[in-house]
Amino acid sequence: MSLTLTKLPLPLPPPLQTSPRGTPFERAVWCLTYQIPAGSFSTYALLAAHLRSSPRAVGNALRRNPFAPEIPCHRVVATGGSLGGFKGKIARRDGEGITLVEKRALLRKEGVKFDAAGAKVLGTPFRGFL
DNA sequence: GGTTGAATGGCCA
DNA sequence: TGGCCATTCAACC
């Protein structure tokens, strides 16, 4: 599906400014993810809706995110509030990794509320994308 | 209510 | 060209 990404009116994350790598679609996903403010969260479905694509492609792009902690991909959860997949770890260039548990802890630290079970996020997903 | 299967979109080897 | 996924929805126990 062809996207009109010739010139995204989106704030370009610093990592992307210095590294113009990635496909236009991936960059679009990363830009949208970067717009999610701390203490908020969004879903794959919402990102997909804005990009006129499918959640599967969004997850694919986030998985290919070369700037794991810089781009707040941890603020993107699955529909329903589930944290979704994280493949257990996010591979970092240093070999470090962020586990699903740390992802949840990070979100909670930013102010995101979780349910009693701690498996789902509470509140309204951020959808104020440009 | 929880689990399984199929559909879908884009990227890499 | 074929296969791989950080999803989602619907149907079936």
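The chains referred to below are lettered A, B, ... by the order of the sequence lines, with proteins before strands, and numbering in each begins at 1.
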Is the closest side-chain heavy-atom distance between [X] and [Y] below 4.5 Å?
| X | Y | result |
| --- | --- | --- |
| A:K103 | A:L100 | yes |
| A:F126 | A:L46 | no |
| A:S82 | A:V77 | no |
| A:T79 | A:P55 | no |

Interatomic distance, [X] [atom1] vs [N] [atom2] [rounded to whole Å]:
| X | N | atom1 | atom2 | answer |
| --- | --- | --- | --- | --- |
| A:K103 | C:dA6 | NZ | C1' | 7 Å |
| A:Y44 | C:dT8 | OH | C1' | 12 Å |
| A:L47 | C:dA6 | CG | P | 17 Å |
| A:L62 | C:dT7 | CG | C1' | 12 Å |
| A:R63 | C:dC4 | CZ | C1' | 7 Å |
| A:K120 | C:dT8 | NZ | P | 12 Å |
| A:L51 | C:dT7 | CG | P | 16 Å |
| A:N65 | B:dG10 | CG | P | 18 Å |

Quick one: which of [options] gets closest to the side chain of [X]?
| X | options | value |
| --- | --- | --- |
| A:A45 | B:dC11, C:dC5, C:dT8 | C:dT8 |
| A:T23 | C:dT8, C:dT7, B:dC11 | B:dC11 |
| A:A57 | B:dG9, C:dT7, B:dC11 | B:dG9 |
| A:R56 | C:dT8, B:dG10, C:dC5 | C:dC5 |

Original post:
For A:R64, which contact category applies under a 4.0 Å heavy-atom criterion: base, sugar-phosphate, or nothing?
Top reply: sugar-phosphate
**OP:** Nearest-nucleotide wise, let me know which of A:N60 and A:P55 is further upstream toward the 5' end of DNA chain C.
**Re:** A:N60
Donor-acceptor pair, distance only, cut-off 3.5 Å: does the side chain of [X] make one with the backbone of [Y]?
| X | Y | value |
| --- | --- | --- |
| A:T33 | A:C73 | no |
| A:T18 | A:P15 | yes |
| A:R64 | A:E26 | no |

**OP:** Determine which bases of DNA chain B form Watson-Crick or G-U wobble pairs with both distances under 3.5 Å, and write the result as a 5' to 3' dot-bracket string with | for other-strand partners.
**Re:** |||||||.|||||
**OP:** Answer yes or no: does a side-chain N or O of A:S53 lie under 4.0 Å from OP1 or OP2 of B:dG10?
**Re:** yes
